[in-house]
There are 2 protein chains.
Amino acid sequence: MMQQDPLELEKMIRDANLRPTKQRIALAELLFADGNRHITAERLHGEAMEAGVTVSLATIYNNLHQFTSAGLLREVVVDSSRSYFDTNVSAHHHFFHEETGMLEDIPDSALNVDSIPSLPEGTEISSVDVIVRVSNIRS
Amino acid sequence: MMQQDPLELEKMIRDANLRPTKQRIALAELLFADGNRHITAERLHGEAMEAGVTVSLATIYNNLHQFTSAGLLREVVVDSSRSYFDTNVSAHHHFFHEETGMLEDIPDSALNVDSIPSLPEGTEISSVDVIVRVSNIRS
DNA sequence: TTTCTTCTTTAGAAACATTCTAATCTATTG
DNA sequence: CAATAGATTAGAATGTTTCTAAAGAAGAAA
Ligand SMILES: [Mn+2]
Ligand SMILES: [Mn+2]
Ligand SMILES: [Zn+2]
Ligand SMILES: [Zn+2]
């Protein structure tokens, strides 16, 4: 994504059939203005507060899901107690830092999933998610 | 695992430095007697009730975590709202059926993760998890 | 077996992330 | 501006998991 221009963000929001409200624009700026991000609802809420934007948690969740439906975000499942949202919607996989809870992209070119086996009868692939869980080397 | 003999289950429990209580043995039977399983806490609780074993949810969680610590189970993260426990602790990956929430093993031989990229500085791999999410083909 | 200690189970409360409700507010359109 | 559809919000509710503290059961010692 990597948009900075508020006008481009507004266009992006409109193109998703959403109204460019104050809150929505502010969240889009936090999410998309500075390159790729992996963020939880709670952290986005915290950043909005820090940025002086008062926005409720319900609105955070509403917008994260609406952006996800519009294909502007994807949800990454790495933790059974929290949802992560990824501004990089192109094909790629992740390192998950177990100590910090941080997600880091693995470029698609750097990891090959070969020979996916025959799928269960009557099903089609929805996505293939690879999570490489890493932890700090204990000395 | 695939043990059936209650005595073997008791030995397994003792080897994990746990006491073979009524509840623990009953849960071990449900988990390990009939081959590999992928199960949530809530469903295991339901099965215990059906089997006539009264056991609290707290005990279900206690034992799932204790079995996991002992290497008898592993936790599989596929859903940001529920934990799945897998009786197959050998290296393998999973199909996740999005409609039903069921997990299915992919034999390790049937899927290769090649060329794992260089890890972030100072980290080591804890695990590599591949989830192939599948859904029913919509006709 | 009795006693002692440690581990285990339990009900219920608490924690926590997420979703829902329904009232209020705002953007858009005519 | 008026009308409408969409958005935001506080707070309640939900669902899963964990915690607390008390009672119960298992193993060890005598
Ligand atoms: Mn969600
Ligand atoms: Mn857990
Ligand atoms: Zn990513
Ligand atoms: Zn499995």
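Order of the sequence lines fixes the chain letters, A, B, ..., with proteins taken first and strands second; residue numbering starts at 1 for each chain. Note that this is a predicted model, so its numbers are computed, not measured.
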Tell me: [atom1] of [X] to [atom2] of [N], nearest whole Å?
| X | N | atom1 | atom2 | result |
| --- | --- | --- | --- | --- |
| B:K22 | D:dG24 | NZ | P | 14 Å |
| A:L64 | D:dA7 | CG | C1' | 15 Å |
| B:F85 | D:dT16 | CZ | P | 14 Å |
| A:I60 | D:dA7 | CD1 | P | 15 Å |
| B:N62 | D:dT20 | CG | P | 13 Å |
| B:D79 | D:dG15 | CG | P | 14 Å |
| B:Q23 | D:dG24 | CD | P | 13 Å |
| B:Y84 | D:dT17 | OH | P | 10 Å |

Take B:A41 and B:P20, find for each the nucleotide of DNA chain D with the closest heavy atom, and name the residue whose nucleotide sits nearer the 5' end.
B:A41
Do B:R19 side-chain and C:dT6 base share a donor-acceptor contact under 3.5 Å?
yes
OP1 or OP2 of [N] sitting under 4.0 Å from any side-chain N/O of [X]?
| X | N | answer |
| --- | --- | --- |
| A:H45 | C:dA17 | no |
| B:R14 | D:dA26 | no |
| B:Q66 | C:dC7 | no |
| A:Y61 | C:dT18 | yes |
| A:S80 | D:dT17 | no |
| B:H65 | D:dT17 | no |
| B:N17 | C:dC7 | no |
| B:R24 | C:dT9 | yes |
| B:R82 | D:dT17 | no |

Given D:dG11, C:dT9, D:dT17, the nucleotide with the shortest approach to the side chain of B:T59:
C:dT9
A:T21 side chain, from C-beta outward: closest of C:dA17, D:dT9, D:dA7
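Shortest atom-to-atom distance from the side chain points to D:dA7.
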Taking all non-hydrogen atoms of both residues, which atom of A:I25 and which atom of A:E10 are closest, and how far apart?
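Reported closest heavy-atom pair: CD1-CG, 3.9 Å.
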Would A:I131 and B:V128 count as a side-chain contact (heavy atoms from CB on, under 4.5 Å) here? Give the steps.
CA-CA 6 Å; A:I131 310 291; B:V128 178; over 6 Å; no
Are a donor atom and an acceptor atom from the side chains of A:H97 and A:E104 found within less than 3.5 Å of each other?
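There is such a pair (donor and acceptor under 3.5 Å, judged by atom type) between the side chains of A:H97 and A:E104.
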First encountered from the 5' end of DNA chain C, between A:E42 and B:L57:
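It is B:L57, whose closest nucleotide lies nearer the 5' terminus.
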Would the distance check show the side chain of B:S126 and the main-chain N or O of A:V134 forming a donor-acceptor pair, the cut-off being under 3.5 Å?
no
With a non-hydrogen cut-off below 4.0 angstrom, is A:S81 in contact with a base, only sugar-phosphate, or nothing?
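Sugar-phosphate: the residue A:S81, judged by heavy atoms under 4.0 Å, touches backbone atoms but no base.
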side-chain contact (heavy atoms from CB on, under 4.5 Å) test vs A:R37 passes for just one of A:N88, A:D86, A:T87, namely A:T87
Option from A:V76, A:T68, A:L103 for which side-chain contact (heavy atoms from CB on, under 4.5 Å) with A:F85 holds
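Checked A:V76, A:T68, A:L103 against A:F85; only one passes side-chain contact (heavy atoms from CB on, under 4.5 Å): A:T68.
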